[in-house]
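Letters go in sequence order (proteins before strands), and every chain restarts at 1.
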Amino acid sequence: MLDIELIRQDTEYVQDALAVRGTEFNIEKIINLDKQRRDLLKETEGLKAKRNTTSKNIGRMENDEDRSSLVADMRKVGEKISQLDQQVRGTESKLNALMLELPNIPDADTPQGTNDSDNVTIKVFGKENDFNFTPKPHWELGSDLGIIDFERGVKLSGSRFYVLNNAGARLQRALISFMLDLHTRQGYSECYLPFMVKEVNFTTAGQLPKFSDNIYHDVEDDAWFVTTAEVPLTNLHRDEILENDTLPLYYTAYTPCFRREKVTAGKEVRGIKRGHQFDKVEMYALTHPEESYKVLEKMLADAEETCIKLGLRYRVRRLCSGDLGFGSRITYDIEVWAPGCNEWLEVSSVSNCGDFQSRRANTRFRPKKGAKSKYLHTLNGSGLGVPRTLIAVLENNQRQDGTITIPEVLRPWMSGEDSIG
RNA sequence: GGAGGGAUGGCCGAGUGGACUAAGGCGGUUGUCUUGAAAACAACUGUGGGGGAAACCUCACCGGGGGUUCGAAUCCCUCUCCCUCCGCCA
């Protein structure tokens, strides 16, 4: 959510700043509703003040005649008030609905562009693996080794679901444990979250109202399946005022992620790259406004370290304005190289949302004892998406005979074994 | 799923239609006293919105929403959550 005061006072700036996202937004309508709201408030509150003092006087009055005449007057005032209140409510809900549809203002450092081809690669780390054979894609490796079962996944749940067996299942669990332990050492506190949350959590995090098509939910119980741990984490401190010295707060959490993505079958969804259910370890931070850019760099470095420790070749890209997420001001993507699929796979998105989510969530901090509370900044970053990391681990560590070398850092969770197959 | 009991400020807790401008206590902040601290005493001590250059004025908020009334923490309806008991259950 943007600051209505900013929109009011610097309308042109907001209009221009949002335009770089490539969509038009009706700021003027918001300005008008805001004006209308304040005018109505002035009127209705004046009447309420009058009624309050008069009602107090009525309680003290002895003279029945004066009394009943005032009561009659106030009855009329009351009718006018409830009429105006209704108008206020109507105006506010219209205004709020429009405000919720405005995305965040991209940071000055976010490059302008229209789609992912305009994203800017700022770093490539690691050398290309020197295979003296043609590396296989993971769907071949996985099927041959009996660790990924696509057919039975489809039997159970339909297309884009799979079953992991034996070393495949263990390797995924190893990755999750490795990531959580690493992030804990990096200063994040681990938490286990509900995988179903109420609708309001999605609005707060900025996934609703815009992305309702992508979320699985049960209407009867107001239970919405998380699309990312970012959603519950954004709401962990909803409606709270945090003490100054508790910031920054760092969290890490593993959750499955459920997404009703409507991507047509084909190269984009081959293998385990894009399922309706996938695991992810998330990093999240709540910070002072003036610290969020420093924390953004820390979180990027922390996500990179995950790739480095796993021995994966990766690149870092800065997303352009047209590819930027709804709530983000600035985002780095990390992509790892998968030699079997022959492509870069996005395994992490690290974003600074500024106060966009904290306004929606009403999460504030108090800069000093007795001072006015302020909205804090929130950041999120994957650390990392598990299936794609698994793909990269399998494809990069394959040997000519189809077996896999298990990366050293994962062996503690693989009973010390050094290979699969 | 059934029956009953609850929800009041940072915390405890009083409050059944008009002085609630929410008692009292605890906690917190500041001050007096003190070499310093403790104790004692005193004052202050919620959130958000609107107006205003500011001082300040004003509105709303006693779990959420709606209603009755000139006037609601208080009465009515409804929802949520918590507790106790019964049933069911991995």
### Task
Examine the side chains of A/Thr203 and A/Arg360 and answer whether a donor and an acceptor come within less than 3.5 Å of each other.
no

Please tabulate, for the side chains in residues 414-421 of chain A, all donor-acceptor contacts under 3.5 angstrom to protein atoms that are two or more places apart in sequence or on a different chain.
from	atom 1	to	atom 2	distance (Å)
A/Ser415	OG	A/Arg170	NH2	2.4

#### Entry: Between B/U68 and B/U78 - C1' atom distance, rounded Å
15 Å

### Query
Can you check the A/Lys35 NZ to B/G49 C1' distance for me, whole Å?
16 Å

### Mate of B/G27 where both pairing distances stay under 3.5 Å, Watson-Crick or G-U
B/U45

### Message
Whole angstroms only, please: what is the CG-P distance between A/Asn362 and B/G48?
### Response
8 Å

### Query
Expressed as a whole number of Å, how far does the P atom of B/A14 sit from that of B/G65?
25 Å

### Query
Does B/A53 have a Watson-Crick or wobble partner in any strand here, with both distances under 3.5 angstrom, and which is it?
none

### Query
At under 4.0 Å between heavy atoms, what does A/Ser373 touch on the DNA or RNA strands: base, sugar-phosphate, or nothing?
sugar-phosphate

### Query
With both distances under 3.5 Å as the test, what is the Watson-Crick or G-U wobble partner of B/G1?
B/C86

### Message
Measuring only the C1' atom in each nucleotide, how far is B/A23 from B/C85? A whole number of Å is fine.
### Response
35 Å

### Query
For atom P, what is the distance between B/G28 and B/G18, given to the nearest Å?
36 Å

### Task
Take nucleotides 57-79 of chain B nucleotide by nucleotide from the 5' end and write B, S or -, depending on whether a protein heavy atom sits under 4.0 Å from the base, only from the sugar-phosphate, or from neither.
-SSS-----S---BS--------

### Message
Suppose we call two aromatic rings close when their centres sit under 6.0 Å apart. Are A/Phe202 and A/Phe211 close by that rule?
### Response
no

### Message
Suppose you measure atom P in B/G15 against the same atom in B/U29; what distance do you get, rounded to whole Å?
### Response
31 Å

### Message
What's the gap between B/A43 and B/A7 when it is taken at their P atoms, as a whole Å value?
### Response
31 Å

#### Entry: Atom-pair distance (CZ on A/Arg366; C1' on B/U45), nearest Å
11 Å

### Query
In the strands shown, is B/U16 matched to any nucleotide by a Watson-Crick or G-U wobble pair with both distances under 3.5 Å, and which?
none

### Query
Between B/G9 and B/G24, how far is it from one C1' atom to the other, in whole Å?
14 Å

### 5'-most by nearest nucleotide on RNA chain B - A/Asp34 or A/Ile241
A/Ile241

### Query
Taking the same atom, C1', in B/G71 and in B/U21, what whole-Å distance lies between them?
15 Å

### Query
Are side-chain N/O atoms of A/Arg399 and A/Thr403 paired as donor and acceptor at under 3.5 Å?
yes

### Whole-Å distance separating the NZ atom of A/Lys42 from the C1' atom of B/G52
11 Å

### Message
How long is the straight-line distance from CG of A/Leu247 back to NE2 of A/His237, given to the nearest 0.5 Å?
### Response
9.0 Å

### A/Tyr332 and A/Arg318: side chain donor to acceptor below 3.5 Å
yes

### Message
If the threshold is 4.0 Å, N to carboxylate O, is there a salt bridge linking A/Asp85 and A/Arg89?
### Response
no

#### Entry: Interatomic distance where CG belongs to A/Asp239 and C1' belongs to B/G46 [whole Å]
15 Å

### Task
Would you mind classifying the nucleic acid contact of A/Arg359 as base, sugar-phosphate or nothing, using non-hydrogen atoms under 4.0 angstrom?
nothing

### Message
Looking at A/Lys309 and A/Glu305, is any side-chain nitrogen of the basic one under 4.0 Å from a carboxylate oxygen of the acidic one?
### Response
yes

### Query
Which base sits across from B/C81 as a Watson-Crick or G-U pair, both distances under 3.5 Å?
B/G6

### Query
Atom CD of A/Glu92 and atom P of B/G49: how far apart are they, to the nearest Å?
12 Å

